[in-house]
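Report on the structure given below.
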Amino acid sequence: MNPAPNVILVGPMGAGKTCIGRRLAERFGLEFVDADQAIVDEVGSSIPAIFENVGEAGFRAHEKRVLARLLERGGQLVSTGGGAVLDADNRQRIRQRGFVVWLRVGVAAQLQRLQRDKTRPLLQREDREQVLEAMATLRDPLYREVADLVIDTDPYSPAEATAHLVVRLAAQWQNPELRA
Ligand code: S3P
């Protein structure tokens, strides 16, 4: 049993981190925290506006600072942005402060789930498929490096994926807040 203070979801855009995260948080009595939303709240502008104003590097700096602050606390289900694992310090913090679940999704399902998305700056281009493939090649080993648990979300609805994860988390993660 892993007694990490938080449950942390990692994985690419379109894996269902927010949707599944909300459900899991409710199920385990954790506070749901969306790291991207925390960045928006702290900076005071949307993700597309942040990318436009300070570029991806500026966004990553906000992401690193906000994630470090969030992970000082416990008792949370933290849903991270797809690129959070790119930074080695983020990966170390994620590992130290959470039981980490990698939500996997194939590129075909990502393309379908994100076809009308306007909120992800890195996908506002014609060659989405190639971009997603390249991201998977670069990032999958990093997700693997931090993950305690992996689930393929492709065949499942968010409710089904949550149900699978509830069973596996209950078996592998010891919620320190429930310890006597
Ligand atoms: C990003 C993923 C997004 C958001 C930003 C960059 C990425 O979060 O952080 O657009 O680099 O994969 P989601 O994974 O929640 O969509």
Side-chain angles (χ1 to χ4, degrees), residues 2-48 50 59 62-85 90-91 93-95 97-106 109-123 132 135 139 143 146-178:
N2 180 335
N6 300 288
V7 174
I8 303 177
L9 302 187
V10 299
M13 297 181 265
K17 296 183 298 275
T18 303
C19 192
I20 294 169
R22 279 190 196 286
R23 290 165 184 262
L24 272 182
E26 192 181 350
R27 187 65 180 68
F28 285 94
L30 299 168
E31 180 190 353
F32 175 75
V33 180
D34 184 318
D36 278 343
Q37 188 57 49
I39 297 167
V40 169
D41 293 344
E42 188 170 306
V43 177
S45 36
S46 68
I47 303 279
I50 295 172
F59 171 78
H62 288 309
E63 182 174 53
K64 184 168 183 166
R65 188 187 67 254
V66 168
L67 199 57
R69 177 173 56 74
L70 291 176
L71 293 182
E72 283 171 9
R73 295 188 285 139
Q76 310 164 107
L77 183 312
V78 181
S79 164
T80 60
V85 294
N90 288 352
R91 292 200 298 280
R93 274 194 197 99
I94 287 170
R95 278 217 57 67
R97 298 294 295 164
F99 183 89
V100 186
V101 180
W102 174 16
L103 299 186
R104 290 178 64 177
V105 58
Q110 277 181 293
L111 284 170
Q112 200 192 3
R113 293 178 191 179
L114 298 168
Q115 58 184 324
R116 279 183 285 279
D117 180 77
K118 296 269 185 286
T119 64
R120 273 103 167 170
L122 299 176
L123 291 186
L132 290 170
M135 280 181 175
R139 297 174 177 187
Y143 295 133
V146 296
D148 293 296
L149 193 62
V150 184
I151 182 170
D152 276 305
T153 65
D154 288 39
Y156 302 124
S157 68
E160 290 167 337
T162 304
H164 283 286
L165 282 171
V166 165
V167 175
R168 294 173 67 185
L169 267 172
Q172 294 183 48
W173 174 58
Q174 181 180 28
N175 184 346
E177 310 226 327
L178 297 182

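Note that this is a predicted model, so its numbers are computed, not measured.
Scored by the salt bridge (charged side-chain N to carboxylate O under 4.0 Å, His left out) test, R113 finds no partners at all (sequence neighbours excluded). For D148, there are no side chain to side chain donor-acceptor pair (under 3.5 Å) partners at least two apart in sequence or on another chain.
Atoms CG and CZ, from L169 and R27 in turn, are 10.0 Å apart once rounded to the nearest 0.5 Å. Taken from CE in M13 to CG in L132, the straight-line distance is 6.0 Å, to the nearest 0.5 Å. Within the model, atoms CD1 of I47 and CG of D36 stand 4.0 Å from one another, a figure rounded to the nearest 0.5 Å. The CD1 atom of I20 lies 10.5 Å from the CD atom of E160; values are rounded to the nearest 0.5 Å. In this structure, OG1 on T18 lies 5.0 Å from CZ on F32, to the nearest 0.5 angstrom. If you take CD on Q76 and CG on N6, they are separated by 4.5 Å, rounding to the nearest 0.5 Å.
Without hydrogens or angle criteria, N2 side chain to F99 main chain gives no donor-acceptor distance under 3.5 Å. Judged by distance alone, with hydrogens and angles left aside, the side-chain atoms of Y143 form a donor-acceptor pair with the main-chain N or O of G82 at under 3.5 Å. Judged by distance alone, the side chain of R104 and the main-chain N or O of G11 form no donor-acceptor pair under 3.5 Å.
Residues T80 and V85 fail the side-chain proximity criterion, which asks for heavy atoms closer than 4.5 Å. A heavy-atom distance below 4.5 Å is found between the side chains of I94 and L67. The side-chain heavy atoms of P12 and M135, taken from C-beta on, include no pair separated by under 4.5 Å. Residues L165 and L149 have side chains in contact (heavy-atom distance under 4.5 Å, counting atoms from C-beta outward). Contact of the I39 side chain with the F59 side chain is registered, since non-hydrogen atoms from C-beta on lie closer than 4.5 Å. Taking the side chain as every heavy atom from C-beta outward, L24 and V166 approach each other to under 4.5 Å. Within the 4.5 Å cutoff, no side-chain heavy atoms of F28 are placed close to those of L77. Put simply, the side chain of V40 does not reach to within 4.5 Å of the side chain of D34, judged on heavy atoms.
Counted within 6.0 Å of CD on Q172, heavy atoms from surrounding residues, nucleotides or ligands total more than 12; the atom is thus considered enclosed. Atom CD of E31 has more than 12 neighbouring heavy atoms from other residues, nucleotides or ligands inside a 6.0 Å radius.
For the residue pair P176 and P5, the shortest heavy atom distance occurs at CG-CA, 3.9 Å. Annotation for Y156 and A161: closest pair CB-N, 3.8 Å, computed over non-hydrogen atoms. Residues L9 and G21 approach most closely at CD1-CA, 3.5 Å, considering heavy atoms.
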Inset, instruction - Carefully, step by step, assess N175 and L30 under the rule side chain to side chain contact (heavy atoms under 4.5 Å, CB included). - result: CA-CA 10 Å; N175 184 346; L30 299 168; 4.1 Å; yes
